[in-house]
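Just below is one structure, and these are the notes that go with it.
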Amino acid sequence: MATEAAPMDEKAKRMRDLLSSFYAPDPSISTSGSSISASFDNINSTSFDADQYMDLMIKKSNLEVLLQRHVQMAAEIKNLDTDLQMLVYENYNKFISATDTIKRMKSNIFGMEGNMDQLLHKIMSVQSRSDGVNTSLFEKREHIEKLHRTRNLLRKVQFIYDLPARLQKCIKSETYGDAVRFYIGAMPILKVYGDTSFQDCRRASEEAIEIIIKNLQTKLFSDSESIQARAEAAVLLKQLDVPVDSLKDKLLEKLEQSLDGLQIKPEEASLLAEHNDSSNDAESNEQLPAKIHEDAVRGFSEAMRAYREIFPDSEERLFKLAKALTAMHFENLELYIRKRVSAADFLRIFRIIWEDVILMDEVLPEAELSDLSAEAAQVTVKKFVARTFSHLQQDISDTILKFDINQKEAVEEEVLKVVLEASKKAGIQGTTDIFQDFRQLLDENIGIFVKMKDLIIGWIQNGFQDFFRSLEAQFLALSGKTSSSKDIEGGLVEGKSSDKIHAGLILVLAQLSVFVEQKVIPRVSEEIAASFSGGNSQAFENGPAFIPGELCRVFHAASEKLLQHYIDTRTQKISVLLRKRFKTPNWVKHKEPREVHMYVDMFLHELEEVGKEVKQVLPQGTFRKHKRTDSNGSNTTTSSRSNTLHNDKMTRSNSQRARSQLFETHLAKLFKQKVEIFTKVEFTQESVVTTTVKLCLKSLQEYVRLQTFNRSGFQQIQLDIQFLKAPLKETVEDEAAIDFLLDEVIVAASERCLDVIPLEPPILDKLIQAKLAKSKEHNNNNNNTVSS
Amino acid sequence: MQGGSSGIGYGLKYQARCISDVKADTDYTSFLTGTLSLKEENEVHLLRLSSGGSELICEGLFSHPNEIWDLASCPFDQRIFSTVFSTGESFGAAIWQIPELYGQLNSPQLERVASLDALVGKINCVLWWPSGRCDKLISMDEQNIFLWNLDCSKKSAEVISKDSAGMLHSLSGGAWNPHDVNAVAATGESSVQFWDLRTMKKVNSIEHAHVRGVDYNPKREHILITAEDESGIHVWDLRKAKVPVQELPGHTHWTWAVKCNPEYDGLILSAGTDSAVNLWYASASSSDEKPSQSPVESIRQRVNPLLNSYTDYEDSVYGLAWSSREPWVFASLSYDGRVVIESVKPFLPRI
């Protein structure tokens, strides 16, 4: 397009550009050759090509349209012609009027030259006259000026001679400001001529100034003077070039020293709190510590205010001081709450500190004390909350560990029960107290506490969450059932303490966990819902706050774990017993059984202990009760029946075929009862005892399986098991499973026996009776010794 | 957990305690097992998992003179294995070779390569050199540990060295360290003891009572796993053997045997007298990497290590062996003589 436009006349092109830029709002449309089709039609565009346009026209239109177009164009041309004529005419008119105006201007200027000459002449004469006056007055004026200068000089000399007297006068009237002004005014002269003409004068005035400086300094240091006066003194001293900074330092140091006096030391804090307590009833003649402290702080803040005005440039240091005081306060508070402190005491101290902070904040608003202390307060309150929880935890564990349990006591006296009750109480009491404390915290209406309310609630909720978690961890740690990763560093110590801990205590811990799960946590969550809800928005973002469901789960798991651990430790003990029993003798060369072996006694004794412990701590199962009434009546019959049943089996097992048959029946039995052997432990006395017995019998079976017996060895086992049957059934709820397990032991022994010939039932009976009689006698003896 | 009977079963005639993976058999997944019967004639069964993995075929049945208390297959020759046996009154150990022509005989006799009869006390187990072709063996009885040199061609075995553990520690079993062929762990009455075979002296011990089973982690040096009567399974780091690295709950009753998977690190199998086999995943690394975490947190974060519990057994499970050829397959043997082969494949993606 550009090449086509090139041959166009330069001037015409410019014209067209101008016109188009005038008419078109957006010149870029017309000038840019972006839209070719548009530019052909557009007669106003620069790229308009008449020939092309014609071509297009002829191609596009028929004759009629062309004609029409022709007529239209002719009309347009005519219109343009008339417009052009009009424009020419108007321009011409304007040109004529312009010529007229120029003509008039020419005629007016004519004649001005004469007036101007006249004016110049007059000005010249005025000038010559003023020169004449000036020269005639010159001499007089010079003389006057000289006189004036001499007078000034004389006045100055006079002033300097008067200076000492004047200064003395000022000292007397204590108008130090004037004195300093005078002295400073005289300074330049004294400096120049002080050593020659005005020596005396200078000395006298310097002496006077010395006095003034001294006076000013005393004034500055005296606390009785008004701040205004002291500030003025400081300014004057500065004017006199006395080193003020050292003075300032001294003053500030003094202030710093006074800080120590303002500390609320942890020891004093309790006093402070106590005295505050009694301030209502005892209007004692002595000043109360709180009052003293308040006054001291007030004095301190006054001093700060003063110094601030006196030394405006010392703000930084004052800020530092104020911050130090606040920090110190909070540090001391932290120290204070390291001991056990009730919320009330804590609040009292906190209030005192807060008042101090407010006082200082008034004096030094720029120091941003309130921000600083708000932060510190948050930290402190948070620590307080955390500490309260840790105290509670300490309390509970102390209660648990307070009782030095040894084996005998645990069984004989009801120590376990006492421990359980005590720790339950500690738990409930502790949480109640803790809630009371926290409620006080929330009720506090110091500004900062209102602001922190949400935060505090968050902390409390978090605190409870953490508390319960660590309590659970502690329970587990106490029980000696430590998870491995936990105590790599303290492994040895842990190992020792786990030996020490009494098995009964594990049971107590288990029951305690149940108690926490069922009583304490619901209580706490109720309380939280009642008075510590809200505050969610911020607190929950950071971490999970109090989630009772989760905690319940945790404690549920812990209680089960602990119970299991109790059973484990108990069975372990019995297991050691059994292991010794089976490892020591040579079973292949066993002698004929004479009596029931004594390990049975020990086994039963252990079980008895378990029973006693369990009875102290765990509730009785409801299920057991009616079963017992059932079996009580028919106790003898059942046992005899099972005896006969058993004997029956044994006689059958004489032959090999019968033995395998027996084996098959037991396999069948196994199918039915397999599930029942290891049932879930419940928190009842019976369940725990039963589980223990079951596990022990299973262990017994396993030990038997590892040995090989001769006939007598087998008979010994048979005898022992037969003897165990009756007492075990008495203690245990699941008789069928016990029966089965006892039979299993016999079966295992018969399988591992080289020569299975069971004892004849009469002999069996006789030996058992003998044992029973012996143990009875033994008991009687024991009782006798105890009574005698 | 679910006790799905997905396993492949095989019944032995009598009660049995031990099963071993035939490591040297590279063509098939096979196991050796031996019966424990005081009065009947005992048998050794060579079992092979069919290629489809759906059937357990008895590839060979050999009579063995006495009841078998322990059985271990030779790691380099599939036809050789060791047994520990008892006549009821005395114990013995021997190396056996499966006869070449066993396919044709009805109940062929095993060929006794050598008997390890320097033993005096109640012998407990025979260990083979952990990997590769080496003719060293270890046997343990209650008080002594012996290192043997086996010569298959001469059909003899000689004691190279021995050491006594003392009367108080009655040894019950052991494991040969696959990472350090000079180290052997033995379980005793009150501790796990470690021997250095070069000096044949005890070098270290973990004081931990009633350990039944012990196994080295083949994938990770210094990691040892023990199974105890009452207190479950413990994972130890031998460099700091005071406290276990990890503790797994184990079984309702005793945990009898424990085996590390030869291929998948952290996969542990345990057999218990509560008639169950449990599959665990113990990532010992987790506690190594984050010691800073508070214990409570780390306990909570740890997922349940128990992957599955196979409960389809009717008696205590004593025998347990991973297949080294197909490391997701294991064989278990309950006392009533039932061999069950299971695949742990469904649990692998979760690791």
Side-chain angles (χ1 to χ4, degrees), chain A residues 466 469-470 472-473 476-477 481-492 494-495 550 554 561 564-565 567-569 571-573 575-576 579 583 586 588-589 656 659 663 667 670-671 674-675 677-679 691 694-695 698-699 701-702 705-706 708-710 744 748 751-756, chain B residues 15 17 36-40 67 69 86-90 142 170 172 189 207 209-210 228-232 234-237 240 242-249 251-254 256 273-276 286-288 290-291 293-300 302 311 313-316 318 335-336:
Chain A
D466 293 346
R469 280 181 167 190
S470 62
E472 184 244 344
L476 289 185
K481 182 148 181 91
T482 45
S483 61
S484 52
S485 62
K486 182 159 143 186
D487 46 5
I488 285 165
E489 67 282 352
L492 269 181
E494 198 64 46
E550 188 201 322
V554 165
K561 224 187 266 178
Q564 193 58 48
H565 186 47
I567 292 172
D568 281 352
T569 41
T571 47
Q572 220 159 356
K573 215 169 161 190
S575 182
V576 170
R579 174 191 289 262
K583 282 263 160 112
N586 187 348
V588 185
K589 290 173 183 155
Q656 291 293 341
R659 197 185 72 83
F663 185 52
L667 267 185
L670 202 60
F671 274 112
K674 184 189 156 196
V675 199
I677 300 171
F678 300 113
T679 43
T691 312
K694 277 183 193 166
L695 286 176
K698 181 72 187 165
S699 302
Q701 181 197 1
E702 292 297 337
R705 277 184 181 177
L706 285 173
T708 311
F709 303 93
N710 64 358
E744 277 290 288
E751 279 164 7
R752 295 300 311 158
C753 181
L754 294 163
D755 179 18
V756 189
Chain B
Q15 289 166 336
R17 273 181 185 268
L36 181 84
S37 172
L38 207 51
K39 289 152 227 162
E40 317 292 334
E67 57 170 4
W69 283 83
S86 155
T87 59
E89 286 178 53
S90 64
E142 280 190 319
S170 53
S172 57
E189 180 95 309
E207 296 301 320
H210 309 315
E228 287 100 40
D229 278 3
E230 272 89 7
S231 43
H234 285 95
V235 183
W236 305 85
D237 187 330
K240 33 186 182 181
K242 292 247 185 310
V243 194
V245 182
Q246 203 179 355
E247 201 180 321
L248 301 171
H251 289 256
T252 322
H253 194 236
W254 298 350
W256 192 274
T273 48
D274 58 349
S275 318
S286 69
S287 52
D288 276 351
K290 310 176 238 174
Q293 248 178 351
S294 73
V296 183
E297 279 308 303
S298 60
I299 289 168
R300 246 166 271 282
R302 199 174 294 159
T311 53
Y313 302 95
E314 275 130 31
D315 207 332
S316 307
Y318 300 122
Y335 193 56
D336 53 4

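FYI, side chains are in, hydrogens and waters are out, and symmetry mates aren't considered; it's all heavy atoms of this structure. A, B, ... follow the sequence lines: proteins, then strands. Residue 1 opens every chain.
- A distance of 6.5 Å separates OH of B:Tyr318 from CG of A:Leu706, quoted to the nearest 0.5 Å.
- Closest of all the heavy-atom pairs between B:Thr273 and A:Lys698 is O-CE, 2.9 Å.
- For A:Asn710, the side-chain contact (heavy atoms from CB on, under 4.5 Å) partners at least two apart in sequence or on another chain are A:His590, A:Ser712.
- In this structure, chain B has no heavy atom under 4.5 Å from any part of A:Thr569.
- Looking at heavy atoms from C-beta onward, B:Lys39 lies out of side-chain contact with A:Leu754 at the 4.5 angstrom threshold.
- Side-chain contact between A:Glu751 and B:Leu38 is absent, with no heavy atoms from C-beta onward closer than 4.5 Å.
- The closest side-chain heavy-atom distance from A:Arg705 to B:Gln15 is not below 4.5 Å.
- In this structure A:Phe709 satisfies the ring pair (Phe, Tyr, Trp, His ring centres under 6.0 Å) test together with A:Trp587, sequence neighbours excluded.
- B:Leu36 places a side-chain heavy atom less than 4.5 Å from the side chain of A:Arg752.
- B:Glu142 CD to A:Lys583 NZ: the interatomic distance, rounded to the nearest 0.5 Å, is 6.5 Å.
- Comparing B:Ser86, B:Ser316, B:Ser37 by how many heavy-atom pairs each has under 4.5 Å with chain A, the most go to B:Ser316.
- Side chains of B:Tyr335 and A:Glu702: a donor-acceptor N/O pair is absent below 3.5 angstrom, by distance only.
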